[in-house]
Each structure stands twice: as structure tokens, then as C-alpha cells.
Amino acid sequence: MKDRLQQLLDEALARLRAEGVLPADAPPAAVERARDSAHGDFATNAALVLAKAAGLSPRTLAERIVAALPQAPQVEAVEIAGPGFVNFRLRPDAWLEAVRAALAQGEAWGRSEAGRGRRVQVEFVSANPTGPLHVGHGRGAAYGDAVANLLEATGWAVEREYYVNDAGRQMDILAASVWLRYLELCGEPVAFPANGYQGDYVFDIAADLHRADGEAHRRPWGEVARGLPPDAPEGDQERHMDALIARARELLGPESWRRVHGIGLEVMLESIRRDLEAFRVRYDRWFSERSLVEGGAVARAVERLRAAGQVYERDGALWFRASAFGDEKDRVLVRESGQPTYFASDVAYHLDKAGRGFERMIDVWGADHHGYVPRLRAALAALGIDPERLEVRLVQFAVLYRGGRKVQMSTRSGEFVTLRELREEVGTDAARFFYVLRSAEQHLDFDLDLAKSQTADNPVYYVQYAHARICSVMRQLEAKGLAHDRARGLAALGRLTEAHERSLVRTLARWPEVVEAAAAARAPHQVAHYLRELANDFHACYNAVPFLVDDDALRDARLALILATRQTLANGLRLLGVSAPESM
RNA sequence: GCGCCCGUAGCUCAGCUGGAUAGAGCGUCGGCCUCCGGAGCCGAAGGUCAGAGGUUCGAAUCCUCUCGGGCGCGCCA
């Protein structure tokens, strides 16, 4: 509907340009939904925006625009108001088209081809496989998946990817931690390092290893600890850990080390995969960092930067001239030790993505990584890749509240709330809805008690209840020995004249615009808010207007309206990864 | 110190590329069940959009500064 009016406006403006009223390079003007129904249904500020360029007063220009507008059957009236707004009022039945469309298109209602099949990749969560997913990752998962769904719904060819950091020091620390817990199980008097992974899951992995391999990886603690630099608090915990890892590799030999390293990775990855699956998040691809390192892609990426003349050596390390591309300082690619940094593999990773031909690469990151964005863009620019293809979406932290008090989290000590615990406590539906209820750049206060409560306060139940209630009406219909005659209902849509019905129809008609806007802004919270509003309009209608009336045509028309509402609720909830129950 | 994000009703937040009297939910107060699920509906009170300048026909929205909060600023990932 909005598109149709935009067409009319564009035609009118083109005509005025042809007549010389408007200069050829006049800026575009848009049609928007009127906020206040007193201003009609849609409005355009074209006359206000273009008045200066045309050298006319806004109201005079508005009159010229109105005169130039082509006729359209849906438009009942066009009025000029205020300083020069042009307001469109539609004929009441123009809105009813939405009911027909919702029923005819079913699951496709609201979808569009705006993306024209262009390829976009959404990479999200990508947590290190060194521990279970916690509630912070949950928000990234809910957000990233919903954004991917929205892009799919608007005609993009979407790929969801998880970047697995299976190379590097953090994985080595996990391997060392697992091995030390394993040695404890073997009866060795281990002093567990301050910097090791403390969580219970490490014991579980160690126990798995012990069950499977017996004492094959046992080494005397005295040999392990011999001559290591002191741990914190007396010494440096990082140096201690590095030495411990080196010692582990030396004592275990390559094969045993790979085994210990591998079981940690395997168990954690499997746990992450299961958590996400239960959270209704599926990936097209799990991309291994190690495959980049071992395949030489990291070295090649560094070489490409070198060939571009954007690296130099200093203090024994290899630096990338990031400051020449807008970053605040230069960044190390290869350490003095010869080890490439995480940044180097990330450059290689994004180079690989770009090479896979995605028109857009959307990375969903925790907001604490924001400082990392400029250097990655800088690297892409230095490699001749348009940095605009990379879109980094930062998701702020979620803070959990229980009983009005903040729930403390700390990854170090292993006392964090895991995504699994959250899911078990409030359920996937409530968790996913709450996570996307606020815009991503907003800190999220996640009230566990509210998410669990089965009351009107809880927006998830409110929306789901609307869906279940419509299903219940249909069951009642059946119990009365009646059936819905869709054709008869659609033919009688003109009889939906009650204020609540008209309001519901208008909200319904907005759905395709909501999907498009939410996708464009990468803002699934707009869908959540819309669903709340739609449910509200439905509940109001439910209380004001009886559906199962004796008049067959009127009944079928009203049922067509609420079935269209049910379809819209279901489509919206699906985009957010939330179920639409038939009864609750 | 520098950089990024944020500051809107008692609380939690919307407010789409600047647009016409600033919107929801919760909470508070007052109403609505002989009827399709009361997990519902209706109404009322409640705001100097942190503050000060500026741009504009028009600013919660854009620019500058100040104040307040969060997060970054590693040869960690």
C-alpha cells in the first residue's frame, strides 16, 4: 500500500520536474505512515522538503503536487494540512486487501523479494570452544538468528556461520586444564594454575578422558612442575601458563597432546552445538580457524598485506599499518616469537569470506569488542576490499535479575549462568523473545521472574496467548458443528465496520512494512514490538466483538480477520524463533 | 587521558532516512466475567526527551560543549 502511494508521488514529482517546477536534481521525497489518524493514513513531506529547491512556498508546492497526482482507486481523499503536508486518506476497504493477502499467502505473508537473492553471511556467537555458552552468548544467538531470518524473509540468500576458534592459546589453556584435572584423577598432587579454566565442565572432560584412555597420559607431577616460573600471586600467571603448556607438550609428545587437546575441543563444540540447537539456532557452516592456519591462509594473508606495502618490522614483530586506514594505532600481525596473532587469522578469515562472494558480511559481536572494528576494516581496505561489505553489529550485555537482584557472573571462576541454565529456567520461547525485545545496542535487563511468569505482564505469553485464543475460537466453531467458509468470509469483508475491527485490519496491513524495516535496520525488536501491538488489537477486538455470530456471512468475515491475525502472529513469532502454540 | 555506546513517565523501554498535540508495557488509582479461554479488556493520573548552545520552516532525532553511566584502549582471544 505504501509502495503504491510512493509510486503515485514519484509520478507526480516526475511530472513537475518535466514541467520545470522542480529542478532535475531535486532530492527524493518519501511517503510515510501518518502517526495520527486525523492526518489520514499516509502522508508525505515532499512539499516541505522541496519548497526551497522549487522556489515556492510549501503550501503552493503542495497544491501543485496534489494537482499532479494520478488518480488511484484506493485513495479516497488527498488533503493539504499544516505547513504543507500532503495527507492521503484511503478508502476503508483498501485495507481489507491485507486480510486477503494474509490468508492467500500464508507463511509467505510479509515476505518480499527486496534482497533480490543477493548473498549475505551472518556470523554470530562464535564463542571460544573453551567453555559452555553463557547468557551473553545467548543474546548474540537470539539476535543473530533473528536478523538472519529477517534477511531471508526479505529475499536475501543467507548463510549462517559459526567461526570456531580452535587454534591458539585459549585452546591450549583448555587442553592444559583438562590434562591437569586428569592428572588429579590419576592421583597426582596437582597445583591447579590460577589462569586455568576452573569450571566443572573441565572435570567432566577429564573424567571422559580417564574413562576412555585409562592412565595413558599420566606423568608424575614432580616432572610437570619442575622449574616452572611461579604462578600468581607471587609470579606472572601468563608466563606460568605458557611454560606449563610447553611442558605438557614436551612430556606428552605430539600424539598424546593432540588427544588431550582434541577431546576438549570435541566435547565443548558438541555441547555448544547442542545448546544452540535446543535454542532453535542452526548454522550452515562451522568454520575452523585451525583450517586457516594449517592451510596456510594466515601466512598468505600476511603476505598479501606485505605485498601491498602495508607491513613493517619493529621490535622483532611484524606490524600492519592500520593507522594509515583509520585505526588509532598499528597492529601486530606476527609476534616476536613468530606466532601469528589472533588478528592475523581474523584477517585471513575475512579475506576468505570476501572471496566466497558475499555481498555483505554481517558479524555479530559482543559490545566489548568494539575497539576491534577499525583494525579489521583497515585490513580489508588495505587488501583492496570495500570495507562497507563488512557490517559489524555490536550487541550489548545482558544482565540477569532474579528477585529484583542482579545475578552475578564471572567466567574466570566458572560461576557464570550458562545459556543452558537459562533455557531450563525460563524456556526457549521466553528467552528468545526477551533477548530481542530491546534494540541490540541497548543494555538488556533480563528479569528472570518476569520471563517465567504466566501473566499479562509477560509479553511472550501475551502474544502467544493471542495466537492460542484464536485457535480456541476455531475449536469452538467446530464444536458448534460449523465450519469457516473462506470465500464467503472474504466476500463479506466489507461488513467489518466496527472500530476495533478496522483498527485490527490497519495494524495487520502494516506487517510487510514492519518486516522490511526491521530487516533493513537489523532490528528484530521492531518485530517484537509490532507483535505486542497486534496482540493488543486482537484482544481488544475479542472483548468488543463476538466472532461466532449467527449471521453466516458476518461470522465468516470476522473469522477471516482473526485467521489473518493468527497467520501474522505465527509468521512474526517464527522470525524471532518463538513457537506459536495452539493452546497453552 | 583518548575512542565507541548510552541518558525519553516512578520502573523497563519504543520513537523508522528531522516532521504536525512525545508513545507502549509494568507499577499506581478507578471500572468490566448470564457471552467465543479474565494468561483478557476499558479509563485516569504521570514527561523542561540529562543540561546548555547551534543548524533548520521544523530537533528526542543532526553538530558542539558540559554533566552522569557502560565498555574498550595487549606481541589476550
Side-chain angles (χ1 to χ4, degrees), chain A residues 28 30 32-36 38-39 43-45 48-49 51-52 57-58 81-85 87 127-128 130 165 167-171 173 238 289 314-319 328-329 331-343 345-346 366-374 394 396-397 401 437-439 441-445 447 450 453-459 461-462 464-466 468-477 479-480 500 513-514 516-518 520-521 523 525-526 528-529 532-533 535-536 538-549 558-559 562 583-584:
Chain A
E32 292 172 343
R33 225 164 236 277
R35 282 192 192 171
D36 187 335
H39 301 135
T44 178
N45 57 0
L48 292 158
V49 177
K52 190 165 280 182
S57 80
F85 290 100
N87 294 334
N128 278 344
T130 51
N165 297 121
R169 185 161 177 269
Q170 294 306 318
M171 274 310 300
I173 296 177
E238 306 292 346
E289 180 191 3
R314 193 178 77 203
D315 305 331
L318 191 68
W319 296 71
E328 49 185 55
K329 52 179 105 166
R331 307 292 176 178
V332 172
L333 285 166
V334 183
R335 289 181 263 251
E336 195 179 357
S337 66
Q339 282 293 308
T341 57
Y342 176 81
F343 174 54
S345 33
D346 225 10
D368 53 337
H369 286 68
H370 67 79
Y372 196 77
V373 180
L394 298 172
Q396 296 284 342
F397 295 131
Y401 287 84
L437 196 52
R438 306 297 177 216
S439 67
E441 55 268 28
Q442 194 73 237
H443 286 263
L444 175 70
D445 285 333
D447 184 336
L450 179 59
S453 79
Q454 306 202 351
T455 68
D457 317 359
N458 188 337
Y461 283 94
Y462 185 82
Q464 288 184 319
Y465 178 50
R469 214 175 197 186
I470 295 169
C471 293
S472 172
V473 171
M474 298 312 289
R475 286 191 294 269
Q476 285 292 326
L477 177 77
K480 289 188 174 189
H500 285 100
E513 293 163 37
V514 170
E516 201 175 322
H525 75 274
Q526 291 178 6
H529 282 269
R532 225 244 154 238
E533 196 181 329
N536 184 26
F538 165 73
H539 288 307
C541 201
Y542 180 95
N543 275 321
V545 182
F547 304 130
L548 301 179
V549 292
R558 286 178 175 167
L559 291 175
I562 67 169
S583 63
M584 306 170 62

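In what follows, chains carry the letters A, B, and so on, assigned in the order in which the sequence lines appear, proteins first and then strands, with residues in each chain numbered from 1. The model shown is predicted, which means the values in this text are computed figures rather than measured ones.
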_A:N536 side chain, from C-beta outward: closest of B:C13, B:C57, B:C41_ =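 Selected nucleotide (nearest to the side chain): B:C41.
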Suppose we call a contact any N or O donor and acceptor under 3.5 Å apart; does that hold for the side chain of [X] and the base of [N]?
X: A:H443; N: B:G69; value: no
X: A:H539; N: B:C41; value: no
X: A:D368; N: B:A77; value: no

*Specify the separation, in whole Å, of atom NE2 of A:H39 and atom P of B:U21.*
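It works out to 8 Å between those atoms.
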_Separation of atom CZ in A:F538 from atom C1' in B:G40, rounded to whole Å_ =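 The answer, rounded to whole Å, is 10 Å.
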*Assigned partner base of B:A50, Watson-Crick or wobble definition, under 3.5 Å*: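 Here B:A50 is engaged in a pair, and the nucleotide opposite it is B:U66.
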*asked:* Both distances below 3.5 Å, Watson-Crick or wobble geometry, any strand: find the nucleotide opposite B:A24.
replied: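 The answer is B:U12, by the H-bond criterion.
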*asked:* According to a cutoff of under 5.5 Å between the ring centres and under 30° between the ring planes, does A:H529 stack with the base of B:A14?
replied: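 Check failed, A:H529 does not stack on base of B:A14.
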_Verify stack between A:Y342 ring and B:C76 base, 5.5 Å, 30 degrees_ =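 Answer is no, no stack.
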Spacing of the [atom1] atoms in [M] and [N] (rounded, Å):
N: B:A77; M: B:C13; atom1: C1'; value: 33 Å
N: B:C67; M: B:C75; atom1: P; value: 31 Å
N: B:C65; M: B:U12; atom1: C1'; value: 30 Å

*State whether A:Q170 places a side-chain N or O below 4.0 Å from either non-bridging phosphate oxygen (OP1 or OP2) of B:C76.*
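The answer is no; no side-chain N or O of A:Q170 sits under 4.0 Å from OP1 or OP2.
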*Side chains of A:T130 and A:Q170: do they bring a donor and an acceptor to under 3.5 Å?*
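Absent: no donor and acceptor within the cut-off.
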